[in-house]
Amino acid sequence: MAEGKVFIFDTTLRDGEQVPGCKLNTKEKLELALELEDLGVDIIEAGFPISSPGDFESVNQIARTIKNATVCGLSRAVQKDIEVAAEALRHAPRRRIHTGIGTSDFHIKSKFNSTREDILERAVQCVKWARNFTDDVEFYAEDAGRTDNDYLARVVEAVIKAGATTVNIPDTTGYCLPNQYGAKMAYLINNVPNIDKAILSCHCHNDLGLATANSIEGVINGARQIECTINGLGERAGNTSLEEVVMILKQHKHLDLHTRIKAERLNPVSRLVSDTMRMPVQPNKAIVGSNAFSHSSGIHQDGFLKDATTYEIINPEEVGADSSKIVLTARSGRSALAYRFQKLGFQFDRNDVDTLYSEFLKVADSKKEVEDNDLRHMATNYQQKTTIA
Ligand code: KIV
Ligand code: ZN
């Protein structure tokens, strides 16, 4: 494994699709899987084959079609689940079984009414069983975010010994602070004797808005896979957003971490996922929101028009977004107004813009955004008045 390569494990079609209203049929899942492969994700978690015949069929079709990415299917630590996942994935040139069990005391006691020793044994058994079907087995320690680190280290060591090649450390409830999640990864790296035999993976939920920050802390501290979704879709408040982690690693080159993602496909794929899943993207969403490259306050607009890098750290073209927008509101200034008039073909000098600006503010105070039509109206009125005078 290249030192700084971070594997992108996309779970839009599994954790993302669990969102109420986002359910996809096989044709839609297949179409998105092809887009994800083209985007450059390393692993596509295609679904949870035992959950329904429809999902089995989707995973099966994706496994038959995808050639370059690894196709992954989820299962619980249950023999039948694993067998069904293996069957659904049978035709994939690269296939991964993702199996696991809850390891926090919350899960052990409330969900399984069990003991730590019993759960450890079940973890080992499910990995051994999955290894009968593929060499690529990922184990998830559900609720690892709230699992005691000593016990987690014992589980991780045991599943690697049993044959797990990737170990997923999910912050299932989105509870951890970035430094806690990073310290958990560092603890595993430093305390699991056979850790060099597996890749540690970050799987963070966004209940406190920390999924992206936690995943980044995870890779800074030694994990080499991030599980994420397009637009941050996922259970409850969502999962880590793919576009955010990819662009953070691209922006912060000093981290020496990189992915294979084609950044210029991020916006087109985001729109496709949003349309197919019928789930709008919030306008202020980083990288892919409709306002991600809009400037509306006078101070920002003035700086941006002098040099875009004063207020933009990413060129919209780099992520396949439409070009930056200068939005006119009552907070906009004269330079933005002059710029927009110029774009509409009106050449006004400084005095003209000063006069037009007070007219503009009246309109701007009466509505949320001043549009091209308002500007044309203002400009032609002004031209008529000045010609007559
Ligand atoms: O959040 C989680 O713990 C999961 C596991 C099933 C990997 O989605
Ligand atoms: Zn999850």
Side-chain angles (χ1 to χ4, degrees), residues 7-20 22 41 43-52 55 59 70-78 81-82 84-85 88-89 96-108 110-112 119 122-123 126-127 130 136-147 151-152 155-156 159 164-176 180-181 184-185 188 198-212 214-215 218 223 225-242 244-245 277:
F7 290 87
I8 294 294
F9 175 114
D10 181 278
T11 183
T12 307
L13 303 181
R14 200 279 296 170
D15 224 330
E17 203 235 13
Q18 288 171 205
V19 173
C22 283
V41 312
I43 302 109
I44 298 172
E45 188 165 48
F48 183 9
I50 202 158
S51 66
S52 76
D55 215 34
V59 176
T70 296
V71 181
C72 174
L74 185 76
S75 74
R76 293 165 296 183
V78 172
D81 275 36
I82 295 169
V84 172
L89 293 166
R96 175 178 297 187
I97 295 177
H98 190 191
T99 187
I101 195 161
T103 53
S104 69
D105 288 336
F106 296 96
H107 282 233
I108 295 175
S110 312
K111 202 164 125 179
F112 300 115
I119 293 297
R122 284 159 76 173
C126 73
V127 171
D136 188 346
V137 173
E138 174 168 338
F139 174 81
Y140 63 84
E142 197 179 359
D143 205 16
R146 294 187 300 170
T147 299
Y151 175 62
L152 186 61
V155 173
V156 173
V159 295
T165 43
T166 302
V167 184
N168 180 7
I169 308 299
D171 184 20
T172 306
T173 59
Y175 170 77
C176 288
Q180 293 170 327
Y181 191 72
K184 197 173 274 290
M185 287 296 176
L188 296 174
I199 290 175
L200 283 176
S201 180
C202 310
H203 179 114
C204 300
H205 279 267
N206 207 27
D207 300 67
L208 293 172
L210 291 171
T212 294
N214 284 349
S215 298
Q225 178 176 283
I226 296 180
E227 308 197 2
C228 45
T229 59
I230 302 290
N231 301 336
L233 289 169
E235 283 274 349
R236 306 182 308 278
N239 287 58
T240 301
S241 135
L242 181 149
E244 292 174 11
V245 289
M277 289 193 159

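Worth saying up front: this structure is predicted, and the values here are computed from it rather than measured. Order of listing sets the numbers, starting from 1, for every ligand and every atom in it. Numbers here are sequence positions counted from 1.
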Next item on the list: Check Phe48 against Val59 and note the closest heavy-atom contact, atom names and distance.
Entry: N-CG2, 4.4 Å
Item checked: Within 45° cone and under 6.0 Å: Arg122 NZ/CZ vs Phe112 ring -> yes
Checklist line | Atom indices of ligand 1, in the order listed, that fall short of 4.0 Å to a heavy atom of Asn168 | finding: 7 (C)
Check: Are Gln225 and Ser201 linked by a side-chain donor-acceptor pair shorter than 3.5 Å?
Finding: yes
Notebook entry, point to check: Is there at least one pair of N or O atoms, one from His203 and one from ligand 1, spaced under 3.5 Å apart?
Noted result: yes
Check: Relative to the heavy atoms of Thr172, which atoms of ligand 1 are at a distance of less than 4.0 Å?
Finding: 1 (O), 2 (C), 3 (O)
Margin query: Distance under 4.0 Å to a non-hydrogen atom of His205: what atoms of ligand 1 satisfy this?
Written below: 1 (O)
Margin query: Please identify which of these residues, Asp171, Asn214, Asp15, meets the side chain to side chain donor-acceptor pair (under 3.5 Å) condition with His205.
Written below: Asp15
Margin query: Counting only nitrogen or oxygen atoms and a 3.5 angstrom limit, does His98 reach ligand 1?
Written below: no
Checklist line | For ligand 1, the portion of Asp15 having any non-hydrogen atom under 4.0 Å away | finding: side chain
Check: Within a radius of less than 6.0 Å around OH of Tyr175, do more than 12 heavy atoms belonging to other residues, nucleotides or ligands occur?
Finding: no
Checklist line | Of Val137, Val159, Leu188, the residue whose pairing with Val167 passes side-chain contact (heavy atoms from CB on, under 4.5 Å) | finding: Val159
Next item on the list: Could you tell me whether the Zn ion (ligand 2) has an N, O or S atom of Asp15 under 2.8 Å away?
Entry: yes
Next item on the list: Heavy-atom contacts with Glu142 under 4.0 Å: which atoms of ligand 1 show up? List them by number with element.
Entry: 3 (O)
Item checked: Location of contacts on Glu227 toward ligand 1, heavy atoms closer than 4.0 Å -> neither
Next item on the list: Under the side-chain contact (heavy atoms from CB on, under 4.5 Å) rule, what do Val156 and Phe139 come out as? Steps first, then yes or no, please.
Entry: CA-CA 9 Å; Val156 173; Phe139 174 81; over 6 Å; no
Item checked: Test of proximity, Arg14 against ligand 1: N or O pairs below 3.5 Å -> yes
Notebook entry, point to check: Under 4.0 angstrom from ligand 1, any heavy atom of Glu235?
Noted result: no
Notebook entry, point to check: How many angstroms lie between CG in Asp136 and CZ in Arg96, if you round to the nearest 0.5 Å?
Noted result: 4.0 Å
Next item on the list: Can you tell me, to 10 degrees, how wide the angle at the Zn ion (ligand 2) is between NE2 on His205 and NE2 on His203?
Entry: 100°
